[in-house]
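So the structure is just underneath, and the comments pick up after that.
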Amino acid sequence: MVAEAISDKTAKETKTAIFTYTNNLSPGDTVTAELVEAVPGKKIVVTNLNHIHVSFSLGYGSLAVEFKSGSTALTGKLTFSNIPANAYEMTTNTGYMPDGHFWTEKDEALNLTITDARSSGVNATTWVNGWINYYEE
């Protein structure tokens, strides 16, 4: 097998997926949103998490996001905590990685699962938004 040179990887068509999720979640709720639909015969290679912004209020605890290939976890849960229990906002970014930080299996969508892990509280307005860069391989 011949390895691809970095210049070959950076020459691939990079795309951007912008996502916004706003809803009321209760402690223990989990929702999954499709970020990039499956591409027949290809995997989705995520080269950069440009911006993931999480904001929520009410109750103690945390909110977690996890990237998935279909229903299979690609990353661990990225957890955002709100102590004290007021509104909390956090943003995370990564650097560019031409080989990809993570990638889906061929023929599978790139999904984002959001978990409300607060230990108390009622429905809280939750915002998760941002954008990623990726290419298809």
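For the numbers below, each heavy atom of this structure counts, side chains included, while hydrogens, waters and symmetry mates do not. When a residue number appears, it is its place in the shown sequence, counting from 1.
Rounded to the nearest 0.5 Å, atoms OG1 (T47) and NE2 (H101) are 7.0 Å apart. With rounding to the nearest 0.5 angstrom, the OG1 atom of T115 is 7.5 Å from the CG atom of L63. Rounded to the nearest 0.5 Å, atoms CH2 (W131) and OG1 (T20) are 10.5 Å apart.
When all heavy atoms of V45 and D99 are compared, the pair lying nearest together is CG1-O, 3.7 Å. Annotation for E13 and Y135: closest pair O-CB, 3.4 Å, computed over non-hydrogen atoms. The shortest heavy-atom contact between T16 and N133 is OG1-ND2, 3.0 Å. The two residues K68 and L74 come nearest to each other via the heavy atoms C-CD1, 3.7 Å. Taking all atoms of both residues into account, the shortest heavy-atom contact from I44 to E108 is CD1-O, 3.7 Å. The minimum heavy-atom distance linking E66 with A73 is given by the pair OE2-CB, 3.3 Å.
Side chains of E105 and S69: a donor-acceptor N/O pair is absent below 3.5 angstrom, by distance only.
When hydrophobic clusters are built by joining Ile, Leu, Val, Met, Phe, Trp and Tyr residues whose side-chain heavy atoms come closer than 4.5 Å, directly or via intermediates, V31 is grouped together with L112. L78 is not connected to M97 by any chain of hydrophobic side-chain contacts under 4.5 Å among Ile, Leu, Val, Met, Phe, Trp and Tyr, and they are in different clusters. Each of L35 and V39 belongs to its own hydrophobic cluster when Ile, Leu, Val, Met, Phe, Trp and Tyr are linked at side-chain heavy-atom distances under 4.5 angstrom.
With contacts defined as side-chain heavy-atom distances shorter than 4.5 Å, the pair V65/V128 qualifies.
Aromatic ring orientation, F67 versus F19: perpendicular (interplanar angle above 60°, classes split at 30° and 60°).
With hydrogens and angles disregarded, no donor-acceptor distance shorter than 3.5 Å links the side chain of N48 to the backbone of I132.
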**OP:** Evaluate the criterion side chain to side chain contact (heavy atoms under 4.5 Å, CB included) for residue pair E34 and N111; output intermediate values, then yes/no.
**Re:** CA-CA 4 Å; E34 184 178 84; N111 294 322; 3.5 Å; yes
**OP:** Check the pair L110 / V46 against side chain to side chain contact (heavy atoms under 4.5 Å, CB included), numbers first and verdict last.
**Re:** CA-CA 9 Å; L110 176 65; V46 177; 3.6 Å; yes
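Screening K43, K15, K12 for a side-chain contact (heavy atoms from CB on, under 4.5 Å) involving E136 leaves a single residue, K15.
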